[in-house]
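Here is the structure we will look at.
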Amino acid sequence: MINPVNPLSLYTFDLELLLFVGIFSFRLDKQSLFPLRLFVSLALIAVYTVLWDFGDGSLLVDIPCYALLFLLLIGLVYFCFDIPFFSALFIATAGYACQHFSYKAIQLLLLWIETMAPGVRENAVLANAIYFLFYLFFLPLFYFLFARHIRPHDDRLMDNRRTILIAMVLLIGATTLNLVFEENIDPFRQSPLFIVCSFYDLLCALLALLFLFPAFLPPLSLFYAIPAVELMSLFFSFPVNVWFLRKRLPPRGEEPMSPSECPLADSEPVDGGK
């Protein structure tokens, strides 16, 4: 895996997610006894993550655990802030989309750095320092682009429940497929496929944000008009395209064929080979 070695990766993920949710929610009206509610919420997430950490790390465990964490996050946002339920869904989805976009972008950056300077990934301190420095870049970036537009009692959060649900489904689907991809793709031996899948994740996270913020970003309102059928078609046809692409790449753990081993190496040239 391209990520730096981090035995506390689940807890790091929690922290990243909470920070991104925080930049969207800190201006909202708080419920009474907010400090206590916040403490209880953080404690629940910590306990949930500890229990999750006892799992075997398989997809059958991780996929439902990520989904349940997202649902828990929605409930805790609603518990801590004096907002309607769909506003809590909006905040949690926006925070998760920003976290996932940042995660995939940093993976691509680490892959590029490892290609230019092999061995960086093996230095856990340096690799983790690079990882978190880039996160510190993405936090203010997403605040400036999106989160700063949110104000208390802003009804635009509830403009269109359908788009909030579409953004949530798009994001959950993309993150689920990402878990499958990361389980089966070697980013160094199958880097073209890894890059394609990463850019797909980036696109899904960005589209989710643009669905959530069409009123805040008028120049990008064209994305708001994308028919849901076309978007879902793109979403569900992508794994099929990846499957065909992967059939043309060497299996994980195998070296690619040399030119002499290629079935076409001894064939006659077409049109004189010119």
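What you are looking at is a predicted structure, and each value in this text was computed from that prediction instead of being measured. The basis for the numbers below is simple: all heavy atoms, side chains too, and nothing from hydrogens, waters or symmetry mates.
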* Asked: How close do Ile83 and Tyr78 get, heavy atom to heavy atom, and via which atoms?
  -> O-CE1, 3.2 Å

* Taking C-beta and beyond as the side chain, do Tyr96 and Phe20 meet within less than 4.5 Å on heavy atoms? -> no

* Asked: Hey, does Met168 have a side-chain heavy atom less than 4.5 Å from the side chain of Ile164?
  -> no

* So, for Phe85 and Phe90, is the gap between ring centers shorter than 6.0 Å? -> no

* Stepwise side-chain contact (heavy atoms from CB on, under 4.5 Å) test for His100 and Asn178 -> CA-CA 10 Å; His100 191 64; Asn178 175 67; 3.7 Å; yes

Exercise answer: donor-acceptor pairs, residues 135-145 side-chain atoms, under 3.5 Å, sequence neighbours excluded:
unit_1: Tyr135; atom_1: OH; unit_2: Glu16; atom_2: OE1; d: 3.0
unit_1: Tyr135; atom_1: OH; unit_2: Gln99; atom_2: O; d: 3.3
unit_1: Tyr135; atom_1: OH; unit_2: Gln99; atom_2: NE2; d: 3.3
unit_1: Tyr143; atom_1: OH; unit_2: Arg27; atom_2: NH2; d: 2.7

* **Close side-chain approach of Gln107 and Phe194, heavy atoms under 4.5 Å** => yes

* Are any of the side-chain heavy atoms of Ser198 and Phe181 separated by less than 4.5 Å? -> no

* Rounded distance (nearest 0.5 Å) linking atom CG of Leu207 with atom CG of Leu212 -> 11.0 Å

* **Over all atoms of both residues, closest heavy-atom pair of Ala97 and Ala208** => CB-CB, 4.4 Å

* Asked: Hey, is CZ on Phe34 packed in by over 12 heavy atoms from elsewhere, all under 6.0 Å?
  -> yes

* Co-membership, hydrophobic cluster, residues Phe26 and Ile74, 4.5 Å side-chain -> yes

* Structure fact -> Rounded to the nearest 0.5 angstrom, the NE2-CZ distance for His149 and Phe24 is 10.0 Å

* **Intermediate values then yes/no, side-chain contact (heavy atoms from CB on, under 4.5 Å), Leu42 and Asp14** => CA-CA 10 Å; Leu42 295 177; Asp14 287 345; over 6 Å; no

* **Phe39 with Phe81, same ILVMFWY side-chain cluster at under 4.5 Å** => no

* To do: Enter the distance from Leu108:CG to Ile113:CD1 here, rounded to the nearest 0.5 Å.
  => 11.0 Å

* Intermediate values then yes/no, ring-ring contact (aromatic ring centres under 6.0 Å, His included), Tyr66 and Trp52 -> CA-CA 9 Å; Tyr66 276 107; Trp52 180 4; 4.7 Å; yes

* Is there a side-chain contact between Leu206 and Leu210 (heavy atoms, below 4.5 Å)? -> yes

* With distance as the sole test, does Asn184 use its side chain to make a donor-acceptor pair with the main-chain N or O of Val180 at under 3.5 Å? -> yes

* Structure fact -> Rounding to 0.5 Å, atoms CG (Asp29) and SG (Cys80) come to a distance of 13.5 Å

* To do: Check whether any side-chain heavy atom of Phe13 lies under 4.5 Å from a side-chain heavy atom of Leu17, and answer yes or no.
  => yes

* Asked: Which heavy atom of Ala94 sits nearest a heavy atom of Leu209, and at what distance?
  -> O-CD2, 3.8 Å

* Structure fact -> Heavy-atom nearest pair, Leu170 first then Cys204, reads CD2-O, 3.6 Å

* Asked: For the side chain of Arg37 and the backbone of Phe79, is there at least one donor-acceptor N/O pair under 3.5 Å apart?
  -> yes

* Between OG on residue Ser102 and CG on residue Leu202, distance to nearest 0.5 Å -> 9.5 Å

* Asked: Are side-chain heavy atoms of Leu38 and Leu76 found at a separation under 4.5 Å?
  -> no

* Which heavy atom of Leu171 sits nearest a heavy atom of Thr93, and at what distance? -> CD2-O, 3.5 Å

* **Verify same cluster id: Tyr11, Phe54 (apolar side-chain graph, 4.5 Å)** => yes

* List the steps and the verdict of side-chain contact (heavy atoms from CB on, under 4.5 Å) for Thr176 and Ile172. => CA-CA 6 Å; Thr176 301; Ile172 291 176; 4.1 Å; yes

* Distance (rounded to the nearest 0.5 Å) between Leu44 CG and Thr49 OG1 -> 10.5 Å

* Side-chain heavy-atom pair Cys197, Leu193 within 4.5 angstrom cut-off -> yes

* Phe199 atom CZ, neighbour heavy-atom count above 12 within 6.0 Å -> no

* Using the side-chain contact (heavy atoms from CB on, under 4.5 Å) rule, take Asp201 and Phe101 through it: C-alpha gap first, then chi angles, then the decisive distance, then the call. => CA-CA 7 Å; Asp201 268 344; Phe101 184 98; over 6 Å; no

* Structure fact -> Closest non-hydrogen atoms of Leu69 and Tyr48, given as atom of the first, atom of the second and distance, are N-OH, 3.6 Å

